[in-house]
J.: 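After the structure tokens below, expect a handful of questions from me.
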Amino acid sequence: MPEGHTLHRAARLQRRRFAGHQLQVDSPQGRFTDGAALLDGRVLEGVEAVGKHLFYRWEDAITVHVHLGLFGKFRTFTRDAPEPTQGTRLRWWGEPGTLHLSGPTACDVMESDAEEQLLLRLGPDPLAVRPGDEQRLQSAFARRRIPVAQLLLDQAVVSGIGNVYRAEFCFLVGVDPFTPANEVPPEMVRDIWRLAIDHMRVGERIGRIVTVDPTEVGVRLHREISSRERLYVYKRQGLGCRRCGSAIRHALLANRTVWWCPTCQR
DNA sequence: GCTGCATGATGAA
DNA sequence: TCATCCTGCAGCA
């Protein structure tokens, strides 16, 4: 379930759990055998997330880059870890427990120049805000004519937003997802950026995407919202909009499905 | 058991 | 714009 919040959360939890420990490493699937052999017996020093990318800092300045893609998953076990599945690309274990990684798009030892190249093509990350980020987003919007919902999936424009958040953010600011990016007013771009910061931070904390305002469904905390009530538009085609009752619509945009409320989003 | 689908991204055309 | 790669699981026979 990997949008940016998932990766930042994984980085935080894995860092807390495994950093500073010597680990044994292998690749049950066999597709990361050389990398695993290089890491085996070394200390994991840190874990960092940027957008949807993870960087593992190992002893002796070795960095491993992981990108979960659509299917990648981590499983961690305190003890009594099960046998790894066929698809377990990377496994490590040590005193704090065991971690299995399956299905990643990327899992590679990465040299520092390659990492630099990668970071250069990532846009601002709402979960790692730096000065000037909103301005960078503003100019990306002003320069591009592609639909706003498509722009929001471009990791060079903003990193970490995925198909759920992009649909929800468009709903929250009330913009039709097909609106050309350069026709979105700057105040609305600013609101998208601020919403991304707030909502993805919530997602990072509670481990799932919740964009519905808790008070709107009669609870106090995001984590108390039921999974059926947590989103406004994503995968809700045909159901009534939570705000106005109109039927939520969906369509394919650049090969990804986007959902929206035809009344609330103009 | 099989099919289709999924919160992603890339490279060829 | 399209095919392709990654894996697991729900939904269906």
Side-chain angles (χ1 to χ4, degrees), chain A residues 1-11 27-33 35 49-54 64-76 82-91 99-108 110 114-115 117-123 125-127 145-147 149-172 177-178 195-196 199-212 222 225 227-228 230-237 248 250-260:
Chain A
M1 306 141 183
E3 296 195 23
H5 69 295
T6 304
L7 290 308
H8 281 265
R9 180 179 171 87
S27 176
Q29 181 194 46
R31 291 187 50 183
F32 187 58
T33 304
V50 184
K52 298 172 186 170
H53 298 261
L54 282 170
V64 171
H65 167 238
V66 167
H67 191 293
L68 294 183
L70 199 49
F71 313 128
K73 275 185 180 55
F74 293 109
R75 292 183 184 78
T76 57
E83 281 306 300
T85 59
Q86 280 278 310
T88 303
R89 181 83 54 88
L90 164 68
R91 167 174 66 167
L99 176 143
H100 293 179
L101 167 63
S102 66
T105 285
C107 174
D108 298 293
M110 181 171 262
E115 179 180 334
Q117 291 302 307
L118 170 55
L119 294 178
L120 278 175
R121 45 168 233 267
L122 291 181
D125 179 347
L127 290 174
R145 313 179 74 78
I146 62 172
Q150 189 179 342
L151 193 76
L152 288 176
L153 281 191
D154 183 343
Q155 302 299 296
V157 169
V158 54
S159 60
I161 291 179
N163 205 20
V164 181
Y165 277 127
R166 69 121 174 221
E168 296 296 310
F169 295 160
C170 287
F171 174 85
L172 287 166
F178 292 91
L195 284 167
H199 285 273
M200 292 176 74
R201 194 175 286 160
V202 169
E204 197 275 343
R205 285 294 146 191
I206 71 177
R208 60 189 188 132
I209 299 177
V210 175
T211 56
V212 169
H222 286 93
I225 296 182
S227 60
R228 289 168 35 81
R230 56 194 250 271
L231 302 171
Y232 286 105
V233 293
Y234 178 78
K235 278 195 179 168
R236 299 195 72 243
Q237 67 269 24
I248 300 299
H250 68 121
L252 220 46
L253 170 60
N255 226 29
R256 305 296 302 280
T257 307
V258 64
W259 290 261
W260 75 99

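So that the names make sense, note that chain A is the first sequence line, chain B the second, and so on, each numbered from 1.
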J.: Please tell me if A/Q86 has a side-chain N or O lying less than 4.0 Å from either OP1 or OP2 of C/dT7.
T.: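 Result: no.
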
J.: So does A/Y234 get a side-chain nitrogen or oxygen closer than 4.0 Å to the phosphate oxygens (OP1/OP2) of B/dT7?
T.: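 Looking at the OP1 and OP2 atoms of B/dT7, one of them is under 4.0 Å from a side-chain N or O of A/Y234.
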
J.: A/R166 near the nucleic acid: base, sugar-phosphate alone, or nothing, with a heavy-atom cut-off under 4.0 Å?
T.: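 No contact.
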
J.: Could you state the NE2-C1' distance from A/H53 to B/dA9, rounded to the nearest angstrom?
T.: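 Rounding to the nearest Å, NE2 of A/H53 and C1' of B/dA9 are 9 Å apart.
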
J.: Scan A/R31 against the nucleic acid and name what it touches under 4.0 Å (heavy atoms): base, sugar-phosphate only, or nothing.
T.: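 Result for A/R31 = sugar-phosphate.
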
J.: Name the residue closer to the 5' end of DNA chain C, choosing between A/N255 and A/T85 according to the nucleotide with the nearest heavy atom.
T.: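 By nearest-heavy-atom nucleotide position, the 5'-most residue is A/N255.
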
J.: Identify whether a stacking contact exists between A/F71 and C/dT7, where the ring centres must be under 5.5 Å apart and the planes under 30° apart.
T.: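 Yes, the aromatic ring of A/F71 stacks with the base.
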
J.: Using atom C1' of each nucleotide, how far apart are C/dG8 and B/dT10 to the nearest Å?
T.: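 Approximately 22 Å lies between the C1' atom of C/dG8 and that of B/dT10.
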
J.: Below 6.0 angstrom between ring centroids: does that apply to A/F171 and A/W259?
T.: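 No, ring centres 6.0 Å or more apart.
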
J.: Does a nitrogen or oxygen in the side chain of A/R256 sit under 4.0 Å from OP1 or OP2 of B/dA6?
T.: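 Indeed not, no polar side-chain atom of A/R256 lies that close.
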
J.: Nearest whole Å is fine: how far is C/dC6 C1' from A/D108 CG?
T.: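 Rounded to the whole Å, the gap is 13 Å.
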
J.: B/dG8 P sits how many Å from A/N163 CG, rounded?
T.: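 A/N163 atom CG is separated from B/dG8 atom P by 6 Å.
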
J.: Does a side-chain N or O of A/K52 approach OP1 or OP2 of B/dA9 to a distance below 4.0 Å, or not?
T.: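 For A/K52, the contact criterion (side-chain N or O under 4.0 Å from OP1 or OP2 of B/dA9) is met.
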
J.: So A/E168, base contact, sugar-phosphate only, or nothing? Heavy-atom distance under 4.0 Å.
T.: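 A/E168: no heavy atom of the nucleic acid under 4.0 Å.
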
J.: Between P on B/dA9 and CG on A/L68, what's the gap in Å once rounded to a whole number?
T.: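 Distance check: A/L68 CG to B/dA9 P gives 10 Å.
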
J.: OP1 or OP2 of B/dA9 versus the side-chain N and O atoms of A/H67: is any pair under 4.0 Å?
T.: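 The answer is yes; a side-chain N or O of A/H67 sits under 4.0 Å from OP1 or OP2.
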
J.: Using atom P of each nucleotide, how far apart are B/dG4 and C/dA3 to the nearest Å?
T.: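 So the two P atoms sit 15 Å from each other.
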
J.: How long is the straight-line distance from NE2 of A/H5 back to NZ of A/K52, given to the nearest 0.5 Å?
T.: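 Here the rounded value is 10.5 Å.
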
J.: Is the closest side-chain heavy-atom distance between A/Q237 and A/T257 below 4.5 Å?
T.: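 Not in contact.
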
J.: DNA chain B: A/K235 or A/R121, which has the more 5' nearest nucleotide?
T.: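 Whichever sits nearer the 5' end wins; that is A/K235.
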
J.: So A/H65 and A/H67, would you call those rings parallel, tilted or perpendicular, with 30° and 60° as cut-offs?
T.: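 Plane angle over 60°, so perpendicular.
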
J.: Nearest whole angstrom, please: distance from the C1' of C/dC5 to the CZ of A/F32.
T.: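 The distance from CZ of A/F32 to C1' of C/dC5 comes to 18 Å, rounded to the nearest Å.
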
J.: Picking from A/L68, A/T6, A/L90, what satisfies side-chain contact (heavy atoms from CB on, under 4.5 Å) with A/F74?
T.: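 When side-chain contact (heavy atoms from CB on, under 4.5 Å) is applied between A/F74 and each of A/L68, A/T6, A/L90, only A/L68 qualifies.
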
J.: Enter the distance from A/T88:OG1 to A/H100:NE2 here, rounded to the nearest 0.5 Å.
T.: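 That separation rounds to 5.5 Å.
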
J.: Whether A/S102 contacts C/dG8 is assessed here as follows: a side-chain N or O lying under 4.0 Å from the phosphate OP1 or OP2. Is that the case?
T.: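 A/S102 to C/dG8 OP1/OP2: side-chain N or O found under 4.0 Å.
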
J.: For A/D154, which of A/V158, A/V157, A/L152 qualifies under side-chain contact (heavy atoms from CB on, under 4.5 Å)?
T.: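 Result: among A/V158, A/V157, A/L152, A/V157 is the only option passing the side-chain contact (heavy atoms from CB on, under 4.5 Å) with A/D154.
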
J.: What is the pairing partner of B/dT7, taking Watson-Crick or G-U wobble pairs with both distances under 3.5 Å in any strand?
T.: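 Across any shown strand, B/dT7 pairs with none.
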
J.: In whole Å, I'd like the distance from the CG atom of A/L70 to the C1' atom of B/dG4.
T.: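 In whole Å, B/dG4 C1' lies 13 Å from A/L70 CG.
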
J.: Counting heavy atoms from C-beta on, name the nucleotide in B/dT7, C/dG8, C/dC6 closest to the side chain of A/R75.
T.: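 Closest nucleotide among those given: C/dG8.
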
J.: Measure the distance from CD on A/Q150 to P on B/dG8 and round it to the nearest whole Å.
T.: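 Spelled out: CD on A/Q150 to P on B/dG8 is 14 Å.
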
J.: Between B/dC5 and C/dA13, how far is it from one P atom to the other, in whole Å?
T.: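 My reading of the P atoms in B/dC5 and C/dA13 gives 15 Å.
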
J.: Distance check needed: B/dA6 C1' versus A/L252 CG, whole Å only.
T.: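 Those two atoms, CG and C1', are 13 Å apart.
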
J.: With a cut-off of less than 4.0 Å, is there a side-chain N or O of A/R208 near OP1 or OP2 of B/dT7?
T.: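 No, because none of the side-chain N or O atoms of A/R208 sits under 4.0 Å from OP1 or OP2 of B/dT7.
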
J.: Describe the nucleic acid contact of A/T105 in one word from base, sugar-phosphate, nothing, applying a heavy-atom distance below 4.0 Å.
T.: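 Touches a base.
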
